[in-house]
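Report on the following structure.
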Amino acid sequence: MAQYSRPALQTLPLEILNQIAFELVALQPLGPPCDIIPLLLTSSHFNQALSPSTNPVLFARIFRYKFDTRAVERRAFTPSHVQCMEQLVHYCRTMQVLRSGDVYVEPRPMYGGDDDERSATDALFTAFMMMLEDDGKNARQLQEWACADAFAERYLRRRLFEDREENDGWPIESAPNSCALWLMWMLTTEDKLRNETDAQREQMIQLLLPFVFISLRYASSEAPPHFFTLPFPSSTHPNLPQSITSAHGPYPVYPSAQRDFSQIHYATRPVFSPPLAAPAAKLLYFSRRELRPLPIPPHFAQNRAELHARGNFEIGPTVEDMHELNWSWTARLPTEKPTDAPDSCEEWGSLVPPPITRAESAASEELGVFGGSQDPKSRWYGKAPPVERKGGKSRSWDADWWRLRLCGNPLRANPSVRYGRVYEPGCMDGLWVGRMLVSSENVTRALMTNTEHPGPGTLNDMPPYTMQAPIYMRLHEAHGVAGELAAALPSARDLSALQTSTSTSADDGISNAWFAGRTGHVQVSDIGDAGAGTGKRVLVEAEGGRAGKGVYRRWDPRGNMWEGYAHDAEVCDGCAAREEVDVKNRLADALEREELFRSVGLGVGGCQEGEEEGEEEGYYEEEGSEDGGEQTEEEVVDPEWDPVENMDEPGLRAHNRRKVLPCDGIKDIVLFGATDERHGQAFNHFTYYGRVRPWDGLVGILSKARDDSYGYLFFYGYLVGGKNFVGNWRITSEDANGPVWESAFAMSRRDDV
């Protein structure tokens, strides 16, 4: 009888070996795929069959299992197997640096002539990019395996003020410092805030205060808010426009970190600008200061009815008003998870336990209930619930990602078509609640006029030097649509005959929220429904004659998958640019097909003379990739935005040319609103109007008190992560070219109660 012999592992088909290797790695979702190493060392056959260089399909599958890819597929391109494999290696090296905790690690030469390219600065930027693309997995990898939150905090405490002697004692706004601030914010949880000791919290706040207070040194926007029409024409503005030199440097202020640098991203080298340090520092600051609720004086009435019963009908807060203010978030934590947001970690099942919740943690109870009323029966108990969010976590950061991709250089032209949005239409429509810092006149003057840092511990954000004032804004959004709006309402520069193309004046109407005319002279009025289901209209009127009027559509928040307005494509510049790109894409597709046929001798006229069959490099797309990031010589992506010299591999670009957003028809975005009556009775009544700067999505809003008690204030900033509006407020001035009193604010969207 012939003896039965079991088949050796070496005889198994590659598909089964791949499945065995994947199941082995999948047993531990967190961390690099180290469990596959013993299998690779078993034999030369396994090493050859399952190594990354020979089996990118396996490691691409591992990458998609361990990390998030939905964001890059939505924003840029669908990465190929090889690109996923290389990104897996890049991420694992980054996480090893973070897990080591060495914030001083730098590249060093290795045995054999190769260099160890791992460094703390590169790891911070890569981790920041991972969080911009996080749908659940990336954050768990960074937080639970790599301890990235601890790394970022250690970096800030030890290196934020590094080389300060070269900057008058102030911290330098470098790319590593900015990324560390953002990474710490994006991984902030309520547990971490509550578990900080008072000494740790105050030390961190002292580190953050320069970015919070000194607006003359640290920019809060990609280009100064003085300008509305961007980018600057390179022919008329070869250098960035500036008017004067303040104690802290040229004014107006531009970001000081190196702009427009490329970083490895799925085997491509896309151009990114480093994030601004000031917005992240303000969010970190306000999240710590709101940890302790604003105090409530004992003489306050419990509610408005009791106050009126006392015969007091003046404006002022009650205990209930203060509870509501403390209940509302000033800076919503980025780690909060709405129940309707999908989490990519569900794929891991029970292999990884869910993150620890506050109820299960050992958070200090010294602070009591975090938020409003301490009474569980009160509707202001605890903190406001998460706002509704659709489509996953990374979608909230789409506008932030595109701002870094497109808006790092105000002298560089953007692509002719829209590849992504720096502002999501409708995102400012709703109720916004927050706080603004108001420093005393003496403190403000001292900070504006003194060049050098005053010394450790001397910056003070506590009363009587600095106060916190509440902000309530009920905002409405209106859109000027192509074909209905003859032209976007002009800014002051558009109507000014005094400012020539060579002027260094920095004024596009900053004192009137980028509208033409005198401060405060903008009217917004409802004009009803235009019929045919097209929604309500508003008339926006600014000084400037007929050029200062426009009919806008009010934002209708009912649609969840809004893609744009039906509009007249014949008069729309956006539609014309997109049609031009479509024509180029069709031509490029035809050339690709011809190249493919030529590579096998089936092209028009056969092979070229002197060519061998297959000599020409044809169009190649790996299995499992819809576009693979491939581009051809007939490239339609603007070269200044996505330069060829930044490619690692020929034919790979950082954006698929076919990913062009449909034209939404929007030519201008206007905001208007007022304080709700209930909130106005507590903290004064205000009216608001403003615009959104189309170049980078900067929101500018002019505020005016109904009783003229506060004058005019201009708020400008960005919507961060889809839910926090953070930036600076400044008093309006007739001279927009000179520095004025500015300070920080932060507010978040809140659902109606």
Side-chain angles (χ1 to χ4, degrees), residues 94 97-98 100-106 119-129 131 142 146-188 192-193 196-220 248-249 253 255-259 261 273-289 331 334 437 447 450-461 720 726 728 744 746:
T94 294
V97 172
L98 299 173
S100 73
D102 184 0
V103 297
Y104 295 97
V105 63
E106 295 293 343
S119 70
T121 55
D122 288 343
L124 285 169
F125 187 85
T126 300
F128 168 66
M129 293 299 297
M131 288 304 300
L142 289 172
C147 303
D149 49 345
F151 184 93
E153 181 177 353
R154 185 179 298 112
Y155 187 96
L156 292 174
R157 293 188 188 276
R158 297 185 181 182
R159 299 191 64 178
L160 183 62
F161 274 73
E162 195 171 70
D163 299 326
R164 61 185 180 274
E165 62 277 2
E166 302 175 5
N167 197 36
D168 300 321
W170 300 96
I172 296 176
E173 188 186 18
S174 63
N177 285 348
S178 298
C179 289
L181 288 166
W182 276 104
L183 185 59
M184 186 175 179
W185 165 247
M186 297 168 91
L187 293 173
T188 296
K192 291 188 179 69
L193 293 177
E196 281 183 340
T197 65
D198 288 343
Q200 290 173 331
R201 187 178 304 115
E202 292 305 318
Q203 183 202 23
M204 179 56 66
I205 287 176
Q206 280 295 317
L207 294 174
L208 299 172
L209 283 181
F211 299 98
V212 176
F213 276 161
I214 313 301
S215 59
L216 293 181
R217 187 175 289 268
Y218 304 105
S220 291
H248 293 276
V253 183
S256 59
Q258 176 188 357
R259 315 304 285 171
F261 67 96
S273 59
L276 298 169
K282 291 166 187 172
L283 290 169
L284 288 167
Y285 166 82
F286 279 108
S287 66
R288 281 159 174 76
R289 278 294 176 242
L437 293 182
L447 292 176
N450 291 335
T451 301
E452 296 185 356
H453 190 286
T458 54
L459 290 178
N460 197 323
D461 68 320
V720 174
V726 58
N728 280 358

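Small disclaimer: the values here were computed from a predicted structure and weren't measured.
- When every heavy atom of Val97 is checked against every heavy atom of Ala123, the shortest pair comes out as CG1-CB, 3.8 Å.
- Residue Trp182 comes nearest to Leu276 through the heavy atom pair NE1-O, 2.6 Å, listed as atom of the first residue, atom of the second, then distance.
- The CG atom of Leu284 sits 11.0 Å away from atom CZ of Phe211, with the distance rounded to the nearest 0.5 Å.
- With hydrogens and angles ignored, the 3.5 Å screen pairs no side-chain donor or acceptor of Ser220 with any backbone N or O of Asn728.
- Contact check for Leu208 versus Leu181: side-chain heavy atoms found under the 4.5 Å cut-off.
- A side-chain donor-acceptor contact under 3.5 Å links Tyr218 to the backbone of Pro171.
- Across Cys179, Ser174, Pro176, a single residue satisfies side-chain contact (heavy atoms from CB on, under 4.5 Å) together with Thr121, and that is Pro176.
- For the pair Trp185 (side chain) and Ala180 (backbone), a donor-acceptor distance under 3.5 Å is absent.
- We find the OH-CD distance between Tyr285 and Gln206 to be 10.0 Å, quoted to the nearest 0.5 Å.
- Note: Cys147 SG to Leu98 CG = 9.0 Å, rounded to the nearest 0.5 Å.
- Without hydrogens or angle criteria, Asn167 side chain to Trp170 main chain gives a donor-acceptor distance under 3.5 Å.
- Annotation: side chain to side chain contact (heavy atoms under 4.5 Å, CB included) contacts of Val726 (sequence neighbours excluded): Pro279, Lys282, Leu283, Val720, Ala746.
- Thr188 is linked by a side-chain hydrogen bond (donor to acceptor under 3.5 Å, both in side chains) to nothing, counting only residues two or more places apart in sequence or in another chain.
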Give the C-alpha distance, both sets of side-chain angles, the deciding distance and a yes or no for side-chain contact (heavy atoms from CB on, under 4.5 Å) between Leu183 and Phe151. CA-CA 9 Å; Leu183 185 59; Phe151 184 93; 5.6 Å; no
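- For Gln200, the side chain to side chain contact (heavy atoms under 4.5 Å, CB included) criterion is met by Arg157, Glu196, Thr197, not counting sequence neighbours.
- Listed by chain and residue number, nothing satisfies the salt bridge (charged side-chain N to carboxylate O under 4.0 Å, His left out) test with Arg154 (two or more places apart in sequence, or in another chain).
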Go through it in stages, so that I can follow the logic: the residues are Leu156 and Glu153, the test is side-chain contact (heavy atoms from CB on, under 4.5 Å), and I'd like the CA-CA distance, side-chain angles, deciding distance and then a yes or no. CA-CA 5 Å; Leu156 292 174; Glu153 181 177 353; 5.9 Å; no
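- With sequence neighbours excluded, the residues forming a salt bridge (charged side-chain N to carboxylate O under 4.0 Å, His left out) with Asp168 are Arg217, listed by chain and number.
- In this view, Leu447 and Phe213, Ile214, Val443, Leu459 satisfy the side chain to side chain contact (heavy atoms under 4.5 Å, CB included) rule, not counting sequence neighbours.
- Counting heavy atoms from C-beta outward, Asn177 and Tyr155 have side chains that approach closer than 4.5 Å.
- Listed here is the closest heavy atom pair of Leu187 and Ala148: CD1-CB, 3.8 Å.
- Residues Glu202 and Ile205 are in side-chain contact: their nearest non-hydrogen atoms beyond the backbone lie under 4.5 Å apart.
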Decide yes or no on side-chain contact (heavy atoms from CB on, under 4.5 Å) for Asp461 and Leu437, but give the supporting numbers first. CA-CA 8 Å; Asp461 68 320; Leu437 293 182; 5.5 Å; no
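- Taking the side chain as every heavy atom from C-beta outward, Tyr104 and Arg159 approach each other to under 4.5 Å.
- In summary, Glu173 and Arg164 do not engage in a salt bridge, as defined by a charged side-chain N under 4.0 Å from a carboxylate O.
- Annotation: side chain of Asp122 is not in contact with side chain of Thr94 (no heavy-atom distance under 4.5 Å).
- One finds the CD1 atom of Ile172 at 11.5 Å from the OG atom of Ser178 (value rounded to the nearest 0.5 Å).
- Side-chain contact check for Met184 versus Asp149: every heavy-atom pair is 4.5 Å or farther apart.
- The two residues Val103 and Arg158 come nearest to each other via the heavy atoms CG2-CD, 4.3 Å.
- Within the 4.5 Å cutoff, side-chain heavy atoms of Leu142 are placed close to those of Met131.
- Under the 4.5 Å side-chain criterion, counting only non-hydrogen atoms from C-beta, Ser215 is not in contact with Val253.
- Of the possible polar contacts, none joining the His453 side chain to the Pro210 backbone as a donor-acceptor pair under 3.5 Å is found.
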